[in-house]
Amino acid sequence: MPPTPPLTGPGRAVAEGHRAAAHPRCEHCPDDALGDAELISARAALAQGRWQSARSLLLHTGEDWDRRGHRVTVLAREPYAIAWSREWLLAEPGSAGAAGLYALTLVRRALRGKEPPERARDACGSAAELAPADPTPWLGLLLLARHLGTDEEVRGAFAEVRRRHPEHHHAHHLMTARLAETGTEGADELSAFAERSAAEAPADSPLAVLPVVAYNERHRVLAATGRTPAAAGTGHWAEPAARRALSAAFDWWLEWGIEEHPRRHVDLNHLAHATCGAGRYAEAAALFQRIGRHTTEVPWSYPDRDPCEAFRAARHRALGGS
């Protein structure tokens with residue numbers, strides 16, 4: 001089967017976290033670092049050519065695979081990451097951290113049309129050889145395949161990530177988005193994937209929110225193809241199954257919270273977007289209070305909106321104008 005490009009195009013994916021230029025005084029512009037102070041510091045150092053900070057950060061991160069994947073993908077978005085990761089790799093040819101960061105920078109450049117995809121794939125393969133247990137190089141391959149690859153390549157990369165870390169948060173979100181795009185004639189496979197992933201994960205796993213993510217992704221695709229109104233809350237949260245998924249996810253958040261998960265704000269933003277769409281403003285208000293300034297590009301940009309404006313409008317409704 002030939003590749004199925006995302007409905008938003010790879011340009012949307014690589015633009016994440018760079019909306020601040022359009023809203024210089026906006027306190028809610030998305031930042032991919034999601035409040036990770038150590039990551040923000042290392043990113044700033046990398047921009048200045050001090051790759052040793054990134055080296056220390058990844059060494060300290062160790063085998064916390066969700067956090068490692070989050071940190072590497074954010075560092076890879078730094079405009080000069082390609083130069084400094086190459087310098088790091090030249091200084092330490094056997095460094096798994098250097099190879100992984102270099103590979104992810106090539107993935108990002110390939111998605112922007114600035115590198116051949118084959119070169120990014122080869123770099124991810126080399127990084128995987130240096131760190132066989134690390135799912136991050138396979139996450140890079142999944143990022144690439146999610147936009148430019150075949151269904152077989154997507155599923156293969158996802159399987160390799162899961163083999164190393166079955167609950168990998170970012171990988172499950174990427175797979176959910178891909179399934180929403182490639183299964184637009186029906187939601188059965190998408191729903192089954194999200195529900196199965198949530199059911200198979202441990203009770204405290206944030207994958208409990210994945211069915212809500214699936215509904216948000218489904219709405220994005222339907223709105224982008226003109227099959228449903230673009231405005232959130234126009235019907236899909238009225239479906240009994242959607243209401244059950246949202247209630248279960250919100251109840252999970254109340255019980256578990258998971259304040260230490262590196263991508264927790266992604267889930268909080270998905271939940272806030274969904275509760276606003278469903279008109280459940282009291283619940284949304286609690287979520288917005290917990291989100292604070294940590295807005296995420298997804299899902300507020302769905303299907304084709306300015307995420308800052310969409311977030312502010314929803315927050316204003318939920319908090320009663322505060």
Side-chain angles (χ1 to χ4, degrees), residues 12 16-17 19-20 23 26-36 70 169-170 172-173 176-177 180 194 198 204-220 222-223 228-239 241-322:
R12 164 64 60 80
E16 294 170 358
R19 293 274 183 164
H23 303 277
C26 177
E27 65 175 6
H28 296 300
C29 278
D31 179 2
D32 295 325
L34 301 178
D36 184 332
H70 171 60
H169 189 271
H170 196 172
H172 279 82
H173 279 236
T176 300
D204 63 348
S205 170
L207 292 185
V209 182
L210 201 64
V212 170
V213 175
Y215 274 99
N216 280 336
E217 293 289 356
R218 178 188 172 201
H219 177 258
R220 169 180 64 89
L222 293 176
T228 192
T234 53
H236 68 294
W237 291 113
E239 299 175 11
R243 291 200 304 268
R244 288 194 298 271
L246 181 52
S247 294
F250 185 79
D251 289 347
W252 173 88
W253 175 69
L254 289 177
E255 182 175 0
W256 296 100
I258 309 299
E259 291 300 310
E260 296 304 314
H261 194 276
R263 283 168 49 89
R264 64 191 179 280
H265 291 295
V266 175
D267 293 315
L268 287 171
N269 277 266
H270 270 287
L271 281 173
H273 183 274
T275 50
C276 278
R280 297 164 64 160
Y281 295 117
E283 294 174 354
L287 292 160
F288 280 116
Q289 294 286 8
R290 190 59 59 89
I291 289 168
R293 300 179 60 178
H294 300 299
T295 314
T296 56
E297 178 96 5
V298 171
W300 301 106
S301 60
Y302 289 172
D304 189 20
R305 307 176 67 192
D306 182 296
C308 300
E309 294 178 1
F311 179 88
R312 285 199 301 267
R315 184 179 185 275
H316 186 271
R317 288 195 300 273
L319 299 181
S322 63

Between His173 and His270, does the ring centroid distance fall short of 6.0 Å?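 Between His173 and His270, the centre distance is under 6.0 Å.
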Can you tell me how far [atom2] of [Y] sits from [atom1] of [X], rounded to the nearest 0.5 angstrom?
| X | Y | atom1 | atom2 | value |
| --- | --- | --- | --- | --- |
| Tyr215 | Leu222 | OH | CG | 11.5 Å |
| Gln289 | Ile291 | CD | CD1 | 10.0 Å |
| Leu268 | Thr296 | CG | OG1 | 9.0 Å |
| His294 | Phe311 | NE2 | CZ | 10.5 Å |
| His70 | Asp32 | NE2 | CG | 8.0 Å |
| Ser205 | His172 | OG | NE2 | 8.0 Å |

Restricting to non-hydrogen atoms, name the atom on [X] and the atom on [Y] that form the minimum distance, rounded to 0.1 Å.
| X | Y | result |
| --- | --- | --- |
| Ala198 | Pro211 | CB-CD, 4.0 Å |
| Ala285 | Leu319 | CB-CD2, 3.6 Å |
| Val212 | Ala249 | CG2-CB, 3.6 Å |

Can you list the residues that meet the side-chain hydrogen bond (donor to acceptor under 3.5 Å, both in side chains) rule with Arg290, with sequence neighbours excluded?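 Counting only residues at least two positions away or on another chain, Arg290 forms a side-chain hydrogen bond (donor to acceptor under 3.5 Å, both in side chains) with Glu259.
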Would you please name every residue forming a side-chain hydrogen bond (donor to acceptor under 3.5 Å, both in side chains) with Asn269, sequence neighbours left out?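 For Asn269, the residues satisfying side-chain hydrogen bond (donor to acceptor under 3.5 Å, both in side chains) (neighbours in sequence not counted) are Trp300.
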So, do [X] and [Y] sit near enough that their side-chain heavy atoms are less than 4.5 Å apart?
| X | Y | answer |
| --- | --- | --- |
| His169 | Pro206 | yes |
| Ser301 | Pro30 | no |
| Asp267 | Arg263 | no |
| Tyr281 | Arg317 | yes |

Below 4.0 angstrom, N of the basic side chain to O of the carboxylate: do Glu239 and Arg218 qualify?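 Yes, this pair counts.
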Run the salt bridge (Lys or Arg N to Asp or Glu O under 4.0 Å) test on Glu297 and Arg305 for me, step by step, so that the C-alpha distance in whole Å, both residues' side-chain angles and the decisive distance to 0.1 Å come before the verdict. CA-CA 10 Å; Glu297 178 96 5; Arg305 307 176 67 192; over 6 Å; no
Arg312 and Arg315: side-chain contact (heavy atoms from CB on, under 4.5 Å), yes or no, with the steps? CA-CA 5 Å; Arg312 285 199 301 267; Arg315 184 179 185 275; 5.7 Å; no
Working for side-chain contact (heavy atoms from CB on, under 4.5 Å), residues Trp237 and Thr275: CA-CA 9 Å; Trp237 291 113; Thr275 50; over 6 Å; no
With sequence neighbours left out, which residue pairs that include part of residues 247-256 fulfil the side chain to side chain donor-acceptor pair (under 3.5 Å) condition?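 Passing the test, one end in residues 247-256: Ser247-Arg280.
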Evaluate the criterion side-chain contact (heavy atoms from CB on, under 4.5 Å) for residue pair Thr176 and Asn216; output intermediate values, then yes/no. CA-CA 10 Å; Thr176 300; Asn216 280 336; over 6 Å; no
Is it the case that the side chain of Asp306 and the backbone of Glu309 share a donor-acceptor pair, with hydrogens and angles ignored and the cut-off at 3.5 Å?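 Yes.
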